[in-house]
Amino acid sequence: MILDQFLKEKIASLAESVWSLDESAKVLLKNHLTLEKPANKSFGDFATNAAMILSKNLRQNPRVLAEQLVEKLKEEDCFKTLEIAGPGFINMRLSSSFWDKAFAEIFNQKDKFGTSNIGQNEKINVEFLSANPTGPLHVGHSRGAIFGDAVARLLSKIGYDVTKEYYVNDFGKQVDVLAESVYWRYEELFGRHKGESIPEGRYPGDYVIPVAQSIKDLDGDQWLDKTDWLEYFKAKSIEQMLKLIQSDAAKLGIKFDVFTSEKSLVEDGAVDKAVQQMQDMGLLYKGILPKPKGEETEDWAPVEQTLFRAKDFGDDGDRVILRSDGSKTYFTSDIAYHVNKFDRGFHQMVDIFGADHGGYVKRLKAAVKALTNAQATLDIALCQVVSLQKDGKPFRMSKRAGNFVLVDDILDEIDADAFRLFMLTKSADSQMSFDLAKTKEQSKDNPVFYIQYASARTYSVLNTYEKIFGVMPTEKDLDMHLYANANETERELIQKMLGLTHIVEVSAQNKAPHLLAGYLYEIASLFHSIWTLGAKGGHRFVDANNMEQTRKNLALVMAVQQVLKNGLEILGITAKTQMSRELPAE
RNA sequence: GCGCCUGUAGCUCAGCUGGAUAGAGUGUCGCCCUCCGAAGGCGAAGGUCGUGAGUUCGAAUCUCGCCAGGCGCGCCA
């Protein structure tokens, strides 16, 4: 049973019967009915707007309608009090026994608590990260990577059959540059380029050197003074870069189900096939693009090319599919790639892009719509940039310059779980700044540890129990009928914990893991509050002289533990059972 | 010029897709450790929700116009 849903359905069905609603009113009710926690606790556990949204449709004063509905609701035994307030809100308080029953669900479902089946096991493809295989991951990649992974986890928790996918851009010019850089380093290993630094335009980073070394180890000097090394070096370099990226991703807790190579799509003819398909569907024509607005471009020339009618499908303009010389663009293979996903049975796709690719969104959506006859939906979420700072000063990243900060470097300083949580605490739409120095602090300035601390404290209670009684408490030692005697904060905590499923759904559907992160923070906060009561009024979780209360307290503690664990797990974070004992450096 | 994103407390950000008195953290100022971990808790102060209209019982939230910042507007990937 999902609490919110249960009550909402109950209210909706009673409303329908009491007012014998017509179809349009039912739709109105379905779309706008809310069940929410009132801002002011004294109003009750929940409030609904049912009477207000229907007042226009039924041509009746909302307060009168509310009275009629309340009469009907009174017949249900789950409500303790029902009141009409303000313009027509119905405030309700649920009976303690109903809360207890709902609370017990946490223990019935355990690790599954928080999941639902909105997705109905439908296949959905989440593509993210997809960094060019030309170097290790840096901070700039990490936000999208962590965000994408969290979105994928969220979707699977609400019942989708999720595939996490990485698109490997192993076909463009940048991998040529990579191979050239490796070759230069390879020559260097044989004593060439003495006193020179790597030429402008190549990748200067040190990560290139081990690749060159491995080729030297394997093949010796056989590629020196040759001309046909490019393809071989490319293949070797990409292979090793992908390994590097995968290992970096793994350190962030990210594992992909599928890697799809752009090169292989081209070589298998998938791209040609997609072009042919577009041709057959009448989506292409020969034409000349207008001169681009905005910045002056010098190399623009009015040449005739093969264009896709993207404008007919919601894009701002038509897009090049084949250049005047017949070669394909990056967009062309990306279209083929999305058709490929569709052919693999994904009718729902999610792409996670960096904000700098925002201009690409419309054309890709247009292409998917056109080529699948609107059978597939493509949802693209943008991640805003992380501006990196160090001690408050901006820190520029440039892959070409080689002075970027690697994920690896960061993980030397900060725990991967903490890094993930930090990235997920803020909305993907916000341009966040990431201060290395500050994140390193791990002091109370850093909110990341707050949730983990709450988790650790729940384990600490159980350890205390063990110290006193010699065994860890099990479910038999718990009393789940605690609502009636609970204090205000405890009731708030119980109510909030039961909202996990709802939050997970909302976070998943909005692709907003930060909502879940914020929720967990609130759970932690309430628990910390209760914890500290012990210092004031003698509130002890474990009290050998009051076993009746202890059994209730343990139920609460273990529920908190379960909720934090489940919630953190969705964000890809392991709940801590104990904090490290290192004190923060002064 | 056009498109997307953002603008909420001194600072960093939430605000559950229209609800009642707008919230946290941090910073400032007070309290609370003979105590299951004080990496914590309690309280005070701090707001014309960028701005002007509109939609309605009701707007930080939806619509439109301005203002400011970020990103993008090739046949690059």
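Just so you know, these numbers use all the heavy atoms, side chains as well, and skip hydrogens, waters and symmetry mates. The sequence lines fix the lettering, A, B, ..., with proteins before strands; numbering per chain opens at 1.
Taking atom P on both rC32(B) and rG69(B), the two are 49 Å apart, rounded to the nearest angstrom. Taking atom C1' in both rA9(B) and rG70(B), one finds a spacing of 23 Å when rounded to whole Å. Across the C1' atoms, rA22(B) and rG18(B) are found 14 Å apart, a figure rounded to whole Å. For the P atom pair drawn from rU12(B) and rG19(B), the interatomic distance equals 27 Å after rounding to whole Å. Going from the C1' atom of rA20(B) to that of rC57(B) covers 12 Å, rounded to whole Å.
Checked against the 6.0 Å centroid threshold, Phe353(A) and Phe147(A) do not count as a close aromatic pair. A ring-centre distance under 6.0 Å is found for Phe469(A) and Tyr465(A).
Ranked by how close their nearest RNA chain B nucleotide is to the 5' end, Ser324(A) and Ala428(A) are led by Ala428(A). Residue whose closest nucleotide on RNA chain B sits further toward the 5' end, between Ser460(A) and Lys426(A): Lys426(A).
In a base pair of the Watson-Crick type (N1 to N3 plus N6-O4 or O6-N4) or a G-U wobble (N1-O2 and O6-N3), with each distance short of 3.5 Å, rA14(B) is matched with no nucleotide.
Stacking of the aromatic ring of Trp531(A) onto the base of rG41(B) is not found under the criterion of centres within 5.5 Å and planes under 30°.
Taking atom CG on Leu289(A) and atom P on rC2(B), their separation rounds to 20 Å, with Å as the unit. In this entry the distance linking CG of Asn57(A) with C1' of rC57(B) reads 15 Å, nearest Å.
Nucleotide rG69(B) is shown with an anti base, its glycosidic torsion being more than 90° from 0.
Residues Asp176(A) and Lys234(A) have side chains in contact (heavy-atom distance under 4.5 Å, counting atoms from C-beta outward).
Judged by atom type and distance alone, Asn91(A) reaches the base of rA20(B) through a side-chain donor-acceptor pair under 3.5 Å. Judged by atom type and distance alone, Gln384(A) does not reach the base of rG70(B) through any side-chain donor-acceptor pair under 3.5 Å.
For the ring pair (Phe, Tyr, Trp, His ring centres under 6.0 Å) with Tyr166(A), the lone residue among Tyr337(A), Phe128(A), Phe259(A) that qualifies is Phe259(A).
Side-chain atoms of Thr34(A) do not come within 3.5 Å of backbone N or O of Thr48(A) as any donor-acceptor pair.
Side-chain nitrogen and oxygen atoms of Arg319(A) include none within less than 4.0 Å of the OP1 or OP2 phosphate oxygen of rC73(B).
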